[in-house]
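Below, read A as the first sequence line, B as the second, and so on, with proteins coming before strands; counting in each chain starts at 1.
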Number of protein chains: 2
Amino acid sequence: MEDRVKQIKQQLSAHNYKLTPQREATVRVLLENEEDHLSAEDVYLLVKDKAPEIGLATVYRTLELLSDLQIIHKLNFGDGVTRYEFRAEGAEHHHHHLICLNCGTVDEIMEDLLGPIEVQVEREYDFQIIDHRLTFHGICHRCKGKVTDPKKLVGSKVT
Amino acid sequence: MEDRVKQIKQQLSAHNYKLTPQREATVRVLLENEEDHLSAEDVYLLVKDKAPEIGLATVYRTLELLSDLQIIHKLNFGDGVTRYEFRAEGAEHHHHHLICLNCGTVDEIMEDLLGPIEVQVEREYDFQIIDHRLTFHGICHRCKGKVTDPKKLVGSKVT
DNA sequence: ACACTATTAGATAATAATTATTTTAAAACC
DNA sequence: GGTTTTAAAATAATTATTATCTAATAGTGT
């Protein structure tokens, strides 16, 4: 934990940014909730415990900054809010997500899986891939059996 | 074109909805711009040429309805607007997109490509896949050579 | 054709997320 | 220590989308 904070501090200062107390509090909240996919509002509420005087705009600015420096990733699950998660250290690419259409839970797929497909796409479409986003929408193991007509669930929920 | 309008009319009436003049105008705009990824605002402006009295709320309602009936798909490219596109007729799954980080152009990948991966994911994660979204972010063939440091482009743009 | 009922549209207000602005405070640098 | 720069706070503004409420329209049965 401390190592990672220190590392982020270095990443910031490498671009002439400082790890202010507000930024540090925000980073710590993100680190402490690494498995979740927090929205700016979520982060704001959690950060307030550590630093009650912080403003929502500061949280937004910090998240934007961390995102610019590619320390965190922005995610969009189509629910109208941007979510944030730490970029896996050293990982070339982003991992993937499983979104349950029944309960809304988001699980992670930590394998890349797309390697061969990317090679094919780069060749066929003459497109240089830098990043990707892959999300599967369906029924998670917890909801299996509870859902009678899965197709009905898709509707306008998926984006 | 007329066939497709007629077909949509049937899909609507199968669920007790009518193809009102406003809805028809909206559908026609979507059909005429099938290659694009229009936002609600885009659709609204285009529909106004055909039916100047239409309201923005009606366009939103119509898009939501078409989306519920799975006649169109909602898309989210992380630019803060929901975009819409026709669902390929008879296609089991959604196709994929190539987004250029330099010029913003969105190209289509019409092949599915994910078949084997889905089988693997369903088995390994005990997750029943109903739909998916796959987007590659990078440099399109048009911008190739124009971009010196592609990695720089990622930043906070990708969600 | 006519009244009746339900559906849909229009207009506009409300909401919600995010961004911009303006002022104030903190830090860094001579 | 005074000055310049950088970031934060507070709040206003913007933008996309949704909700509300009334009026129009279209079927339905008589």
Peer 1: Any donor and acceptor pair, going by atom type alone, linking the side chain of B:T20 with main-chain N or O of B:R23 inside 3.5 Å?
Peer 2: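 Side chain of B:T20 to backbone of B:R23, a donor-acceptor pair under 3.5 Å: yes, one is there.
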Peer 1: What does B:S39 touch in the nucleic acid at a heavy-atom separation under 4.0 angstrom: a base, only the sugar-phosphate, or nothing?
Peer 2: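 Since no nucleic acid heavy atom lies under 4.0 Å of B:S39, the category is nothing.
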Peer 1: What integer distance in Å separates A:L65:CG from D:dT6:C1'?
Peer 2: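 Rounded to whole Å, this separation is 12 Å.
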Peer 1: Please report the distance, rounded to the nearest Å, between CZ in A:R61 and P in D:dA10.
Peer 2: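 Answer to the nearest Å: 11 Å.
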Peer 1: Send over the distance from B:E64 CD to C:dT8 P, rounded to a whole Å.
Peer 2: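 Between P of C:dT8 and CD of B:E64: 14 Å.
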Peer 1: Aromatic ring centroids of B:H97 and B:F77 under 6.0 Å?
Peer 2: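 Yes - the distance between ring centres of B:H97 and B:F77 falls below the 6.0 Å cut-off.
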Peer 1: Which residues in residues 5-29 of chain A have a heavy atom closer than 4.0 Å to any atom of DNA chain D?
Peer 2: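 Under 4.0 Å from DNA chain D: A:Y17, A:K18, A:T20, A:Q22, A:R23.
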Peer 1: Distance check needed: D:dT20 C1' versus B:Y60 OH, whole Å only.
Peer 2: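 To the nearest whole Å, that distance equals 17 Å.
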Peer 1: Give a yes or no on whether the backbone of A:C140 and the side-chain of B:Q128 come within a donor-acceptor separation of less than 3.5 Å.
Peer 2: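 Flag not set: sc B:Q128 to bb A:C140 has no pair under 3.5 Å.
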Peer 1: Starting from C1' on C:dA16, measure out to CG on A:D42 and report it in whole angstrom.
Peer 2: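 Distance check: A:D42 CG to C:dA16 C1' gives 14 Å.
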Peer 1: Does a side chain donor of either B:T58 or B:R61 reach within less than 3.5 Å of an acceptor in the other side chain?
Peer 2: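 Yes, side-chain donor-acceptor contact under 3.5 Å.
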Peer 1: Taking atom P of D:dA7 as reference, at what distance in whole Å does atom CD of A:E53 sit?
Peer 2: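 Result: 18 Å.
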Peer 1: Compute whether any side-chain donor of one residue and acceptor of the other, for B:E85 and B:H37, lie under 3.5 angstrom apart.
Peer 2: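 Yes.
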Peer 1: Among the candidates D:dT17, D:dA19, C:dT21, find the nucleotide nearest to the side-chain atoms of B:T82.
Peer 2: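 Of the options given, the side chain of B:T82 lies nearest D:dT17.
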Peer 1: Check whether NZ of the Lys or CZ of the Arg A:R133 lies under 6.0 Å from the centre of the six-membered ring of B:F136 and within 45 degrees of that ring's axis.
Peer 2: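 No, a cation-pi geometry is absent between A:R133 and B:F136.
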Peer 1: Just by distance, do the side chain of A:D42 and the backbone of A:S39 share a donor-acceptor pair under 3.5 Å?
Peer 2: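 Checked: pair present.
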Peer 1: Send over the distance from B:I54 CD1 to D:dT25 C1', rounded to a whole Å.
Peer 2: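 To the nearest whole Å, that distance equals 15 Å.
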Peer 1: Nearest whole Å is fine: how far is C:dT18 P from B:D79 CG?
Peer 2: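 Distance, rounded to whole Å: 13 Å.
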Peer 1: Going by atom types only, do A:E118 and A:H132 share a side-chain donor-acceptor pair under 3.5 Å?
Peer 2: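 There is such a pair (donor and acceptor under 3.5 Å, judged by atom type) between the side chains of A:E118 and A:H132.
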Peer 1: Which of residues 69-77 of chain A sit near DNA chain C, with a heavy atom under 4.0 Å from it?
Peer 2: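 Nothing qualifies; none.
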Peer 1: Above 12 or not: heavy atoms from other molecules or residues under 6.0 Å from NZ of B:K144?
Peer 2: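 Not buried by this count: 12 neighbours or fewer within 6.0 Å.
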